[in-house]
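Order of listing sets the numbers, starting from 1, for every ligand and every atom in it. The figures here come from the full heavy-atom set of this structure, side chains too, leaving out hydrogens, waters and symmetry mates.
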Amino acid sequence: MDISVIGTGYVGLVTGACFASLGHSVICVDVDSERVDCINRGVPPIYETGLEEMLKEVLERKRLRATTDLEEAVEGSAVSFISVGTPSGLLGDIDLRYIEEVGRDIGRYLPERYHVVVMKSTVVPGTTEYSLIPLIESTSGKRAGRDFGVAMNPEFLREGSAIEDFLRPDRIVIGGIDERSTETVAGLYRDFEAPIMRTDPRTAEMIKYATNSFLATKISFINEIGNICKPLGIDAYEVARGLAMDSRVSPSFLRAGIGFGGSCFPKDVKAIVGKAKEVYYHPMVLNAALELNETQPLRLIKLAEDRVGSLRGRDVVVLGLAFKPGTDDMREAPSIKIINSLLKKGAVVHAADPVATGEARKIFGDRIGYYEDPREAVKKGEILLIVTEWDEFRDEGLYRGKMVFDGRKIEEARAADYYEGVCW
Ligand code: NAD
């Protein structure tokens, strides 16, 4: 099928490359011409495991190309996926400006023949029906359901394993406005092994928020258990192991540490809290999950200060910048809170990350030192904070003779002269 994918970030580019690798003909659209050039040269503008190889292959087979021309893309395709960003607004609620822009433009270029517009971006319940459809209808003069189809198909991929997650998801959720829309999208996933849940757009939108809110709450829950375990001399990981032996509790997302970050969990939980306010509901559990996550990263610094006293003028090595391993994404990374706090306290910060130093430079400029190789970074100081669990940090040699405060449970770090974990 001819597919256009609008927005070529983590979700859009992975969606485009994966559909192209499955034999579809894909045009990726972005307003950022540098991004488009990179993609056409086979250089992914983001780091994601396996993406470069896949992109090169689909370009070679002429299954994918990128453009800034939305008109050409929409006119030449049967299905358009919207995968532009939906960042937090000023009050933490969702900022729909990119969705609205794309909605209007798609309407302008909607072809005469049947075309299905698919919302893949994460949007609060009601957005597809009450924002997107009226915008497309107003600029196209056409009617949803009669002249064109619309569906909401949330994406559950995780950065760092995005391709694997896209191709082998636990489930596929499709919320179409009618059967024709739903079945057109379902056809694209025909060869996937995952079960397909068919529902309406609002429910599909809410399933995405329920999933992310549940997982974020699970992380804050285990961090809270960990914060209680620590002063009691209990290892929260042993507790989580025992907890997960209960068949009602899945073991994933039970790693206590310095909290969640990334482009999705913080913004999505805030967005659904904002949506709840619109219907006069005050979400207590979700607010608590967010509140705990605000301060959790700073516990690592408190541990260091309790041990060494003031950090003013001290060299501190931060191991890890990306919000998790396997990505260069720094959005809402716990490292940002930790480094900002260290700088405020007058520490001299040396940070190591195998892929995220470029992104980190955009945030910290020359206020900190950057190292891709952790062996170089650890030469700079005695106090080490482990912030991201990269495999590159699983090396006892990095820690010998050092004082380590671990936010991610790296066992090799126990080779340090002094070792302490944040929740163990
Ligand atoms: P991103 O910020 O990495 O990429 C968005 C892209 O859209 C950018 O390249 C931007 O230039 C482009 N864009 C903006 N306006 C445009 C326009 N008018 N026309 C064409 N392109 C435009 O975003 P992302 O992380 O890929 O997330 C996209 C959506 O998917 C968000 O709603 C997000 O919540 C959701 N999501 C993200 C993840 C994830 O792990 N990143 C996972 C699941 C769902």
* Stepwise side-chain contact (heavy atoms from CB on, under 4.5 Å) check, Asn227 with Arg299 -> CA-CA 9 Å; Asn227 294 346; Arg299 297 181 80 87; 3.2 Å; yes

* To do: Could you list the residues that satisfy salt bridge (charged side-chain N to carboxylate O under 4.0 Å, His left out) with Asp366, not counting sequence neighbours?
  =>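 Once residues adjacent in sequence are excluded, Asp366 has no partner under the salt bridge (charged side-chain N to carboxylate O under 4.0 Å, His left out) criterion.
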
* Donor-acceptor side-chain pairing of Ser80 and Ser4 below 3.5 angstrom ->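 On atom types as modelled, these side chains qualify, holding a pair under 3.5 Å.
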
* To do: Give every residue pair that meets the ring-ring contact (aromatic ring centres under 6.0 Å, His included) criterion with at least one member in residues 165-203, sequence neighbours excluded.
  =>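 Only Phe19-Phe166, Phe19-Tyr189, Tyr189-Phe192 qualify under ring-ring contact (aromatic ring centres under 6.0 Å, His included).
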
* To do: List for me each residue that meets ring-ring contact (aromatic ring centres under 6.0 Å, His included) alongside Tyr237, sequence neighbours excluded, and say none if there are none.
  => Trp424

* Is Glu101 salt-bridged to Arg104, going by a charged N under 4.0 Å from an acidic O? ->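 Not counted as a salt bridge, because no side-chain N and carboxylate O are separated by less than 4.0 Å.
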
* Neighbouring protein residues of ligand 1 - any heavy atom closer than 4.0 Å ->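 Residues near ligand 1: Ile6, Gly7, Thr8, Gly9, Tyr10, Val11, Val29, Asp30, Val31, Arg35, Ser83, Val84, Gly85, Thr86, Tyr98, Glu101, Val102, Ser121, Thr122, Glu155, Leu157, Glu159, Lys208, Ser263, Cys264, Lys267, Arg331.
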
